Amino acid sequence: MRTSQYLLATLKETPANAEVISHQLMLRAGLVRNLASGLYTWLPTGLKVLRKVEKIVREEMERAGAIEALMPVVQPADLWEESGRWDEYGPELLRINDRHQRPFVLGPTHEEVITKLVSNEISSYKQLPLNIFQVQTKFRDEIRPRFGVMRGREFLMKDAYSFHLEQECLEQTYQKMFDAYCRIFERLGLDYRPVIADTGSIGGDASHEFHVLAESGEDDIAFSDSSDFAANIEKAEALAPAGPRGEATQDLTKVATPGVKSIEEVAAFLKVDAQATVKTLMVLAPEDENGQQAVVALVLRGDHQLNEIKAEKLEQVAAPLTFASEEQIQAAINCATGSIGPVNLPLQVIVDRSAAHLSDFVCGANEDGYHFTGANWDRDAKDYRVEDIRNVVEGDPSPCGQGNIIIKRGIEVGHIFQLGKKYADAMNCGVLTESGKHQTLTMGCYGIGVSRIVAAAIEQNHDKYGIKWPAAIAPFQAAIVPMNMAKSARVKETAEALYQELQQAGIEVLFDDRKERPGVMFADHELIGTPLLLVIGERNLDNQQIEVKNRITGEKSLLAINEVLSLFNPQ
RNA sequence: CGGUGAUUAGCGCAGCUUGGUAGCGCACUUGGUUUGGGUCCAAGGGGUCGCAAGUUCGAAUCUUGCAUCACCGACCA
């Protein structure tokens, strides 16, 4: 490709509305352009990268035994009514009508379509197992699109769905997909981790997310510092502190704490550590038979954070988790937030394991402007349940039993889970078994955010000059950068000849034939992140050499012109 | 959806307080100059000032409403 016949579209200045580095660089390097909130045009350079990611994903899926199909973006609403998700999915599902006012959706995912397809096409156990994938545009009407293509509304996803007679078979395919995902991210050249994930509302037994580690990630991942354990913080278990709880040594004492509300204020006012306090959060219970929701108290150590995912899984707590309003709290206990505590609290009380391990702690006195010191479980506060309801923090013992927790940020680029029979049940997807009985299938599903990977790769691989692509997904393998080609016939001839040679060898090379100064060319190619710059100048032509600059290492070396192809041979 | 901020040329911004019909840098075009790290000089082209209504002789500027975009919080690949 010649730059003169190409759309380079690089930008010198950073557009103001791009916050994260990958978004800035994708705009500056001419990979994408914004059309509307969460909607992006992929420019030629960006598309090259996207296609390379897609190709690796496709190859590994096929190698793992999945077969490719392509399903429509626009899907009839009745499919979604059949699965129950027309009502469940919420406003993220974009609903549209056709000219006959028939309702459709833009597919945010394809479980319905694939399940329908399989239920129509598959009727015998002999046709199983089956694992079908596609690479298709998805649309999710995100509340807040952000970070460029990282969280766009329209995005490219590889989604695969497997169908099985038995759980055991599902587990085998799940493991194959797990392994395939590892190979994919290895080949992409990314620093990634599979992590134990929450299965969310879908349920099921097993789920893993694949995260690319990056500071700008939106998820917290808990790792063990001495084993392979890694889990999304939503899912990481916070163990009970070791050893028995300390004995009560203090008397329960009510102290006036006027205007002191937050844990920081309480700890400072009473001159104690936040770890010696508890905080009490008020949330709603599930509706009773009269449609009423009681208030439930969640008690955590002062320095800990509530894990809402864990909390809303408790049967005593409404899902989704809802904090009680000021009015509801007043009605329940006649006290405002800031002075609530578990002592003599006439409510269901759920205590985190760590909070339950405290003795002689500080808590609200359930009377505005007062706290207790020297509070102790069982003696002062009775009738409580102990559960794991907090986020793990760095230094906690790892739930795997080895080492301590460290926390890093990750970008979720893949998610696999065992779906079970939810969709197969709803859409009557089954086969006849060997014994002639009808049996509902069990399913797995496996997603990879293809467009998100492009952004994640940049988050992980860049410097102040621009993108440093992993070789496998660089838009070009090399760029030919001639110095002052307009003045030097020798440079021009050499560059043209090299371009022809590389093209014929099947190398993806960008020939910068613009009439630009060297600085401009260098800046552009470094921004775009081409791994190898082949610099041709009068300076080295007397020796029949060119200069090779490695974008990743920054190394420059001289190479005989007739040996340039050797740069690419090892592949 | 809540909170914050923005909207003036392709991009980045000034002008608005104090109303008089729009300007700077980059990019673009032309000519010259320069040529191994974003040259320099000159001349140009390009704007319904987000939309609508109002106030006024006159609105980018004041008022009201709306829209769009971004950032911070709950969902997800």
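Order of the sequence lines sets the chain letters (A, B, ...), proteins ahead of strands, with each chain counted from 1. Model, not experiment: these values are computed from the prediction.
B:A60: no Watson-Crick or G-U partner with both key distances under 3.5 Å is found in any strand. As the counterpart of B:U34, no nucleotide is assigned, since no Watson-Crick or G-U wobble pattern has both distances under 3.5 Å. Remark: B:C69 base-pairs with B:G5; criterion is Watson-Crick or G-U wobble with both hydrogen-bond distances under 3.5 Å. Nucleotide B:U55 is matched to nothing when pairs are restricted to Watson-Crick or G-U wobble geometry with both distances under 3.5 angstrom. Pairing partner, B:C75: none, since no Watson-Crick or wobble contact has both distances short of 3.5 Å. B:G45 is unpaired under the Watson-Crick or G-U wobble criterion, no partner having all donor-acceptor distances under 3.5 Å. Checking B:U39 for Watson-Crick or G-U wobble geometry (two distances, each under 3.5 Å) identifies no partner in any strand. The partner of B:C11, taking Watson-Crick or G-U wobble pairs whose two distances both stay under 3.5 Å, is B:G25.
The separation of B:U48 from B:U7, taken at their C1' atoms, amounts to 15 Å, rounded to a whole angstrom. The same atom, P, is picked in B:G2 and in B:G47; the two are 38 Å apart, to the nearest Å. Here, B:C1 and B:A59 have their C1' atoms 35 Å apart, quoted to the whole Å. For the P atoms, the distance linking B:U64 with B:A6 amounts to 15 Å, nearest Å. B:C26 and B:A9 have their C1' atoms separated by 12 Å, with the value rounded to a whole Å. For B:C11 and B:C57, the C1' atoms lie 38 Å apart once the distance is rounded to whole Å. Between the P atoms of B:U18 and B:U61, the separation comes to 14 Å (whole Å). For the C1' atoms, the distance from B:G10 to B:A53 is 31 Å, rounded to whole Å.
As judged by a 4.0 angstrom heavy-atom cut-off over every strand, A:Met485 is placed among residues making no nucleic acid contact. Within 4.0 Å of A:Gly148, counting heavy atoms only, lies no atom of the nucleic acid at all. Residue contacts for A:Asn232: at a heavy-atom cut-off of 4.0 Å it reaches no nucleic acid atom on any strand shown. Heavy atoms of A:Thr14 sit under 4.0 angstrom from primed sugar atoms or phosphate atoms, though from no base atom.
Taking atom CG of A:Leu7 as the reference point, atom P of B:C28 lies 13 Å away to the nearest angstrom. In this structure, CZ of A:Arg151 is placed 5 Å from C1' of B:C76, rounded to the nearest angstrom. Look at CG on A:Asp219: it is 11 Å from P on B:A74, rounded to the nearest Å. If you measure from atom CD1 of A:Ile221 to atom C1' of B:A77, you get 14 Å, rounded to the nearest angstrom.
Minimum heavy-atom separation, A:Ala222 to A:Ile407: CA-CG1, 4.4 Å. When all heavy atoms of A:Met157 and A:Gly447 are compared, the pair lying nearest together is CE-CA, 3.8 Å.
In this structure, A:Phe323 has no ring-ring contact (aromatic ring centres under 6.0 Å, His included) partners at least two apart in sequence or on a different chain. Under the rule for a side-chain hydrogen bond (donor to acceptor under 3.5 Å, both in side chains), A:Lys487 has no partner lying at least two apart in sequence or in another chain. Partners of A:Arg146 according to the salt bridge (Lys or Arg N to Asp or Glu O under 4.0 Å) rule, which considers only residues two or more places apart in sequence or in another chain, are A:Glu218. A:Glu88 meets the salt bridge (Lys or Arg N to Asp or Glu O under 4.0 Å) test with A:Lys422; sequence neighbours excluded. Contacts of A:Asp179 classified as salt bridge (Lys or Arg N to Asp or Glu O under 4.0 Å), with partners at least two apart in sequence or in another chain: none. Taking the ring-ring contact (aromatic ring centres under 6.0 Å, His included) definition, one finds that A:His110 meets it with nothing, sequence neighbours left out. Residues passing the salt bridge (Lys or Arg N to Asp or Glu O under 4.0 Å) test with A:Arg58, sequence neighbours excluded: A:Glu54, A:Glu68.
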Pairs under 3.5 angstrom, nitrogen or oxygen only, protein versus nucleotides 66-70 of chain B, please.
from: B:C69; atom 1: OP1; to: A:Ser37; atom 2: N; distance (Å): 3.0
from: B:A70; atom 1: OP2; to: A:Ser37; atom 2: OG; distance (Å): 3.0
from: B:A70; atom 1: O3'; to: A:Asn17; atom 2: O; distance (Å): 3.4

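With respect to A:Glu111, the salt bridge (Lys or Arg N to Asp or Glu O under 4.0 Å) criterion is satisfied by exactly one of A:Lys116, A:Arg85, A:Lys138: A:Arg85.
Under the 4.5 Å side-chain criterion, counting only non-hydrogen atoms from C-beta, A:Arg193 is not in contact with A:Phe185.
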Inset, instruction - Scan nucleotides 34-46 of chain B nucleotide by nucleotide, 5' to 3', and note B when protein non-hydrogen atoms come under 4.0 Å of the base, S if they reach only the sugar-phosphate, - if neither. - result: BBBBBB-------
